[in-house]
Amino acid sequence: MSPSRVRVLLWYRAPEGEEQRLIDAFHSISGTLRGTPGLLGSELWRPAHDRADFVVVSEWESRQAFETWERGNAHKADTAPLRPYHDPRRERPFMLLDVVAAY
């Protein structure tokens with residue numbers, strides 16, 4: 001793994017009974033983003049202790065690749081299905097992390 005890679009974490013929260021809708025939205029977005037330059041993959045995580053919380057973790061080949069996509073015209077439309085689920089408890093719904101070391 002190259003240290004130039006970045007991970008993007010986005011926190012979501014599903015209202016009671018809408019967990020599957022959030023999961024379906026993730027699958028839909030993932031299909032849309034397949035083949036996006038620089039996107040190496042994404043995963044949907046859910047903590048075992050709170051089944052309403054979710055984290056989307058995407059891996060990008062570089063910060064530049066992520067920022068180019070984020071500034072693009074399609075970014076907001078492509079990710080709109082998950083936007084209603086941003087975790088309202090968080091001041092900032094995402095985190096961009098540089099990979100500084102990996103084994």
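Linking ILVMFWY side-chain heavy atoms closer than 4.5 Å, directly or via other members, places L44 and W11 in two distinct hydrophobic clusters. Hydrophobic clustering (side-chain heavy atoms under 4.5 Å, transitive across Ile, Leu, Val, Met, Phe, Trp, Tyr) groups W60 together with I29. Both V56 and L33 belong to a common hydrophobic cluster when Ile, Leu, Val, Met, Phe, Trp and Tyr are linked at side-chain heavy-atom distances under 4.5 angstrom.
Screening residues 76-103 for ring pair (Phe, Tyr, Trp, His ring centres under 6.0 Å), with sequence neighbours left out, gives Y12-H86. Residue pairs satisfying the ring pair (Phe, Tyr, Trp, His ring centres under 6.0 Å) criterion with at least one member in residues 20-52, sequence neighbours excluded, are absent. Applying the salt bridge (charged side-chain N to carboxylate O under 4.0 Å, His left out) test to residues at least two apart or on different chains, the pairs with a partner in residues 8-18 are R13-D50, R13-D53. Sequence neighbours left out, the pairs with a member in residues 62-73 that pass side-chain hydrogen bond (donor to acceptor under 3.5 Å, both in side chains) are R63-D98.
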Pairs under 3.5 angstrom only: tabulate donor-acceptor contacts from the side chains of residues 76-83 to other protein residues two or more places apart or in another chain.
| unit_1 | atom_1 | unit_2 | atom_2 | d |
| --- | --- | --- | --- | --- |
| T79 | OG1 | H75 | O | 2.9 |
| T79 | OG1 | R83 | NH2 | 2.9 |
| R83 | NH1 | K76 | O | 3.3 |
| R83 | NH2 | K76 | O | 3.1 |

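For R34, the salt bridge (Lys or Arg N to Asp or Glu O under 4.0 Å) criterion is met by no residue, not counting sequence neighbours.
Atom-to-atom distance recorded for R90:CZ and L10:CG is 10.5 Å, nearest 0.5 angstrom.
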Using the side chain to side chain contact (heavy atoms under 4.5 Å, CB included) rule, take L39 and S58 through it: C-alpha gap first, then chi angles, then the decisive distance, then the call. CA-CA 7 Å; L39 178 61; S58 61; 4.0 Å; yes
Go through V6 and L96 one step at a time and tell me if the side chain to side chain contact (heavy atoms under 4.5 Å, CB included) criterion holds. CA-CA 7 Å; V6 297; L96 181 63; 4.1 Å; yes
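Annotation: side chain of L97 is not in contact with side chain of V8 (no heavy-atom distance under 4.5 Å).
Contact detail for F54 and A14: the closest heavy-atom pair is CE1-CB, 4.0 Å. Taking all atoms of both residues into account, the shortest heavy-atom contact from S30 to S42 is OG-OG, 3.8 Å.
A salt bridge between E59 and R5 is present, with a side-chain N of the basic residue lying under 4.0 Å from a carboxylate O of the acidic one.
In this structure, R46 places its CZ atom where more than 12 heavy-atom neighbours from other residues, nucleotides or ligands lie under 6.0 Å away.
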